[in-house]
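First the structure, in the form of structure tokens, and then the observations on it.
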Amino acid sequence: MGRWPGCGQGPGHRPAGSHSQRGGSGMDPTDVAGEPQYRTLLAVDVSEAKAGQRVRLAGWVARRRDQGGVYFFDLRDSSGLVQVVVDPAEVPAARDLRMEYCISVEGIIRPRPEGMANPDLITGRVELAADDLRVLSKSEPLPFVLDARVEPEERLRLEYRFLDLRRPRMRANLRARSRAAAAMRDTLNDRDFLEVETPTLIRSTPEGARDMLVPSRLRAGSFYALPQSPQLFKQLLMVGGVDRYYQIARCYRDEDFRSDRQLEFTQLDVEGAFWGREGVFDTFEAVVAAVVAELRGSSLVVPFPRMTYADALLRYGTDKPDVRFGMEIRDLGDLFEGTEFRAFSAVLDDGGVVRGFNAGARDLSRSGLDALVDRAKALGARGLVSGAVDPEGSWHSSAAKFLSADEVAGLTAALDGSPGDLLLLVADSARVTAEVLGQLRLDLGKPEGHDDLSFLWVIDFPVFDELEGGHLVPSHHPFTSPVDVKEMRERPREAISKAYDLVLNGSELGSGSVRIHDPEVQREVFEILGISAEEAERRFGWFVKALRYGTPPHAGFAMGIDRLLAILQHETSIRDVIPFPKTQTGTDPMTGSPTEVDPDQLAELGISLSEAAAATDDG
RNA sequence: GGGGGCGUGGUGAAGUCAGGAGUUCACGCCGGCCUGUCAAGCCGGAGGUCGCGGGUUCAAAUCCCGUCGUCCCCGCCA
């Protein structure tokens, strides 16, 4: 298979021989083994070098410009646009063309007359002088205009996705996705990874997200689940001696939608034996660099920087820091130890923290500051202390009068405050403070676009997160190796795991870990999680059994391809890099799914709907 | 489960806060003119139950309540 031509930034780099490319004249539209020949060339390959050649193109009528005695239209195909010019006296069919008619057109490539070139078009120096035109397929008037100027309501775009995909932006996204996948495969194949498929109808292991269920006909009353990820299967491939595995895997999680979450999404899933974190990082850095080189034409600096989870939370208030900009959060607890300011001293005495960051020089009005305070309160803070550094180095803040001169000086120094800088402080529990300041930092500093790419490994996640009430849940997943088993056993709340995340511009791209390969350690993790031996056996017995048969040490990672593509393509939603996505309520306006099914289908599966389900289903 | 934005000829918007005749703009559609246009231009025309239901009012796109759809966010997403 030749690579699809015209995929790049200009004409002339198309590999030879990917399509028949006849020159000369006297072309018969039905000259290839009795089949109609629709085209001999792609639009973007119409160039000055081919001037004088007789060619045939096929595509859609993008724009018409009827001059009366001469008729122009832009022909669009998968490669791009080229202007076609016809004399309606010679080719009367041109008059009947309408937008998005699918046509095949033949003529001579010729340079445009002096001064008539269009610099906005790759093919703008030439045009096709057509003498034969066949309408392959007419089009009804469109439900919306295929024009970058207007963005139709997304529901409508999805209902007519087949038209939406004709827009250059969407075509570019599809192409980027294909090229990204190819770059991933090339990189991993070069490193002797094996692409292996895992099943999409698997056993339900309720844990984490809700499973999508599929009823079994042969065992009515039983259900398969769609995989939330190939996690356990890829670990079993390691036990099976595969050594280096990857898969571009579809994953399913039945949770509520966001602009970066869909019911089904795609991950680059990787696992390897006899390696650890460094091998995983090295591999993913190579993969991501290859994708960025392919889509952005730029090279990334590797290795990516690393930051511990604890550091990320302290300095950026989140486990997925956007490090494209500064405004780092600093702990000010030492500074305010023994302060007279009761709002701070009370929190510190209570085991809380005082932290803040420098939001830079910004001229906020009274109402602007009030809005910040409201925002902080909406995020869960009890309050927000704010103020600007004034030219004398003191602090213009309603809290200033409660602070000593030393405290103000120390505060300004700690936050590198220059005159005019806005300093924001929150005093609360470590958790609330991090959340509030982290979000305010993003509100005030997050860059608009994605021109800069700041990749970051976040490492040293805790083994467990503590829920309200003290119950422990896995921070990553229950198959993640702790750094130290003894520490995990004795101080599970502080224990560090061998889990890591990859973050890009403040988005979590994926996560992975060194896995547990010792069944005894696995048993202990289940125990600490409060999963009894019986329950572990019932839910994960099929997996844990495998660990007892010479499991190699192994580690892996999974990266969300949709999120990576959205950022690289400057899209704000992953829906724009997914060919056929669903709406926020999980419906597909094009096909109308999900739908009711025939009662016979349900009967065959041994399923009857509850009255409530039947009532809410309006068909 | 919760909070918020949006819904106006085929499309995108303005009009809604402050009620007074379906008003306006751009694109598209239909017809006409034009031999170098290119997000063509000019002339003419068609096209709307202002998402749906209820209420307030002499009068509702506009105010109120409900509901549906969609988008953003919180929860949720091992």
Side-chain angles (χ1 to χ4, degrees), chain A residues 62-75 81-90 95 98-100 110 112-121 123-125 127 129 139-160 163-164 205-211 228-229 231-232 251-263 265 375 378-380 435 439 443 461 463-465 467-468 472-480 497 499 508 511 513 525-526 529 531 539-540 558 560 572-573 575 582-587 589 616 618:
Chain A
R63 292 235 162 237
R64 303 174 289 138
R65 293 178 290 276
D66 181 355
Q67 294 288 304
V70 64
Y71 192 103
F72 299 92
F73 63 90
D74 294 329
L75 183 82
L81 287 182
V82 67
Q83 172 168 282
V84 178
V85 53
V86 293
D87 179 352
E90 188 187 350
R95 290 207 186 281
R98 292 294 182 271
M99 290 237 277
E100 296 303 316
R110 70 183 188 202
R112 295 198 189 184
E114 190 65 27
M116 294 300 157
N118 181 352
D120 296 334
L121 261 163
T123 59
R125 299 172 64 82
E127 63 195 1
S139 171
E140 292 181 13
L142 303 174
F144 52 87
V145 193
L146 303 185
D147 189 323
R149 280 178 298 182
V150 287
E151 183 81 355
E153 199 174 83
E154 191 156 345
R155 204 209 113 82
L156 196 65
R157 287 176 59 202
L158 292 184
E159 183 179 347
Y160 292 91
L163 293 179
D164 193 45
T205 50
E207 181 82 28
R210 287 182 205 93
D211 278 332
Q228 296 180 24
S229 78
Q231 182 61 36
L232 296 181
C251 305
Y252 305 85
R253 292 178 194 174
D254 190 5
E255 296 294 340
D256 288 353
F257 288 65
R258 285 281 193 288
S259 59
D260 62 351
R261 297 196 327 226
Q262 283 268 308
L263 220 54
F265 60 99
R375 173 74 171 145
L379 291 165
E435 267 174 39
Q439 189 56 54
D443 289 351
F461 276 78
V463 180
F464 304 108
D465 287 334
L467 296 183
E468 310 271 336
L472 293 179
V473 293
S475 167
H476 183 48
H477 59 53
F479 316 105
T480 300
S497 77
E508 182 193 323
S511 55
S513 63
V525 169
F526 284 145
L529 288 172
I531 299 174
R539 282 165 60 181
F540 304 112
T572 54
S573 164
R575 290 186 301 275
K582 290 172 181 56
T583 68
Q584 202 164 52
T585 50
T587 67
T616 51
D618 53 21

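Here is the naming used below: chain letters follow the sequence lines, and residue numbers restart at 1 for every chain. Keep in mind that what you see is a predicted model, and the values were worked out from it rather than measured.
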Checking A:Arg210 against A:Asp254 for the salt bridge (charged side-chain N to carboxylate O under 4.0 Å, His left out) test, could you report, in this order, the C-alpha distance in whole Å, the side-chain angles of both residues, the deciding distance, and whether it holds? CA-CA 5 Å; A:Arg210 287 182 205 93; A:Asp254 190 5; 5.3 Å; no
Can you check the A:Phe144 CZ to B:C29 C1' distance for me, whole Å? 16 Å
Does the B:C76 base have a donor-acceptor partner in the side chain of A:Arg261 within less than 3.5 Å? yes
If the plane angle is over 60° it's perpendicular, under 30° parallel, otherwise tilted; pick one for A:Phe526 and A:Phe479. perpendicular
Rounded to the nearest 0.5 Å, how far does CG of A:Leu121 lie from CD of A:Glu127? 11.5 Å
For A:Pro152, which contact category applies under a 4.0 Å heavy-atom criterion: base, sugar-phosphate, or nothing? sugar-phosphate
RNA chain B nearest-nucleotide lookup for A:Glu154 and A:Arg64: closer to the 5′ end is A:Arg64
Rounding to an integer number of Å, can you tell me how far A:Leu379 CG sits from B:G2 P? 21 Å
Given the P atoms of B:G5 and B:C50, what is the spacing between them in whole Å? 23 Å
Roughly how far apart, to the nearest Å, are B:U57 and B:G20 at atom C1'? 12 Å
Ignoring backbone atoms, test whether A:Arg155 places a side-chain nitrogen or oxygen under 4.0 Å from the OP1 or OP2 oxygen of B:G51. no
Stepwise salt bridge (charged side-chain N to carboxylate O under 4.0 Å, His left out) test for A:Arg575 and A:Glu154: CA-CA 10 Å; A:Arg575 290 186 301 275; A:Glu154 191 156 345; 2.4 Å; yes
Only counting residues at least two apart or in another chain, list the ones meeting salt bridge (charged side-chain N to carboxylate O under 4.0 Å, His left out) with A:Arg253. none
With rounding to the closest Å, how many angstrom separate the C1' atoms on B:A46 and B:C38? 28 Å
Distance between the P atoms of B:G7 and B:G51, in whole angstroms? 8 Å
How many angstroms lie between atom CG of A:Asp211 and atom OG1 of A:Thr205, to the nearest 0.5 angstrom? 6.0 Å
For atom P, what is the distance between B:U23 and B:G55, given to the nearest Å? 26 Å
Mind checking the P distance from B:G41 to B:G3? Whole angstroms is fine. 48 Å
Integer-rounded Å distance: B:C77 P and A:Asp256 CG: 11 Å
Is B:C63 paired to anything, Watson-Crick or G-U wobble with both distances less than 3.5 Å, and if yes, which nucleotide? B:G55
Pairing check on B:C50: which nucleotide meets the Watson-Crick or G-U wobble criteria with it, both distances under 3.5 Å? none
Gap between atoms CD and P, on A:Glu153 and B:G7 respectively (whole Å): 9 Å
Does B:C72 have OP1 or OP2 sitting under 4.0 Å from an N or O in the side chain of A:Gln584? yes
Round to the nearest Å and state the distance from A:Glu151 atom CD to B:U70 atom P. 17 Å
Could you write nucleotides 31-39 of chain B as a row of B, S and -, 5' to 3', where a protein heavy atom under 4.0 Å of any base atom gives B, of only sugar-phosphate atoms gives S, and otherwise -? S--BBBBBB
Charged N to carboxylate O below 4.0 Å: is that the case for A:Asp147 and A:Arg149? yes
Go through the structure and list residues passing salt bridge (charged side-chain N to carboxylate O under 4.0 Å, His left out) with A:Asp260, not counting sequence neighbours. A:Arg563
Between C1' of B:C77 and NE2 of A:His477, the distance in whole Å: 15 Å
Rounded to the Å, how far apart are A:Met99 CE and B:G10 P? 16 Å
OP1 or OP2 of B:C71 less than 4.0 angstrom from a side-chain nitrogen or oxygen of A:Thr572, does that happen here? no
Flag yes if more than 12 heavy atoms outside A:Arg125 fall under 6.0 Å of its CZ atom; otherwise flag no. no
Base, sugar-phosphate, or nothing for A:Arg157, non-hydrogen atoms under 4.0 angstrom? nothing
Is the shortest side-chain N/O distance from A:Thr583 to OP1 or OP2 of B:G69 below 4.0 Å? no
With a 3.5 Å limit on both atom pairs, tell me what B:G69 is paired to, counting Watson-Crick and G-U wobble, or say none. B:C6
Examine B:C71: is either OP1 or OP2 under 4.0 Å from a nitrogen or oxygen in the side chain of A:Ser259? Give yes or no. no
By the 4.0 Å heavy-atom rule, please label A:Thr585 as base, sugar-phosphate, or nothing. sugar-phosphate
C1'-based separation of B:A13 from B:G54 [nearest Å]: 29 Å
Please give the distance between the C1' atoms of B:C72 and B:C34 as a whole number of Å. 49 Å
A:Leu142 has an atom CG; how far is it from atom P of B:G12, in whole Å? 13 Å
Give none if B:A39 has no partner; otherwise give the nucleotide forming a Watson-Crick or G-U wobble pair with it, both distances under 3.5 Å. none
Between the side chains of A:Arg65 and A:Asp74, is the shortest nitrogen-to-carboxylate-oxygen separation below 4.0 Å, so that they form an ion pair? yes
Between the base of B:G75 and the side chain of A:Arg258, is there a donor-acceptor distance below 3.5 Å? yes
Which nucleotide, if any, forms a Watson-Crick or G-U wobble pair with B:G44, using both distances under 3.5 Å? B:C30
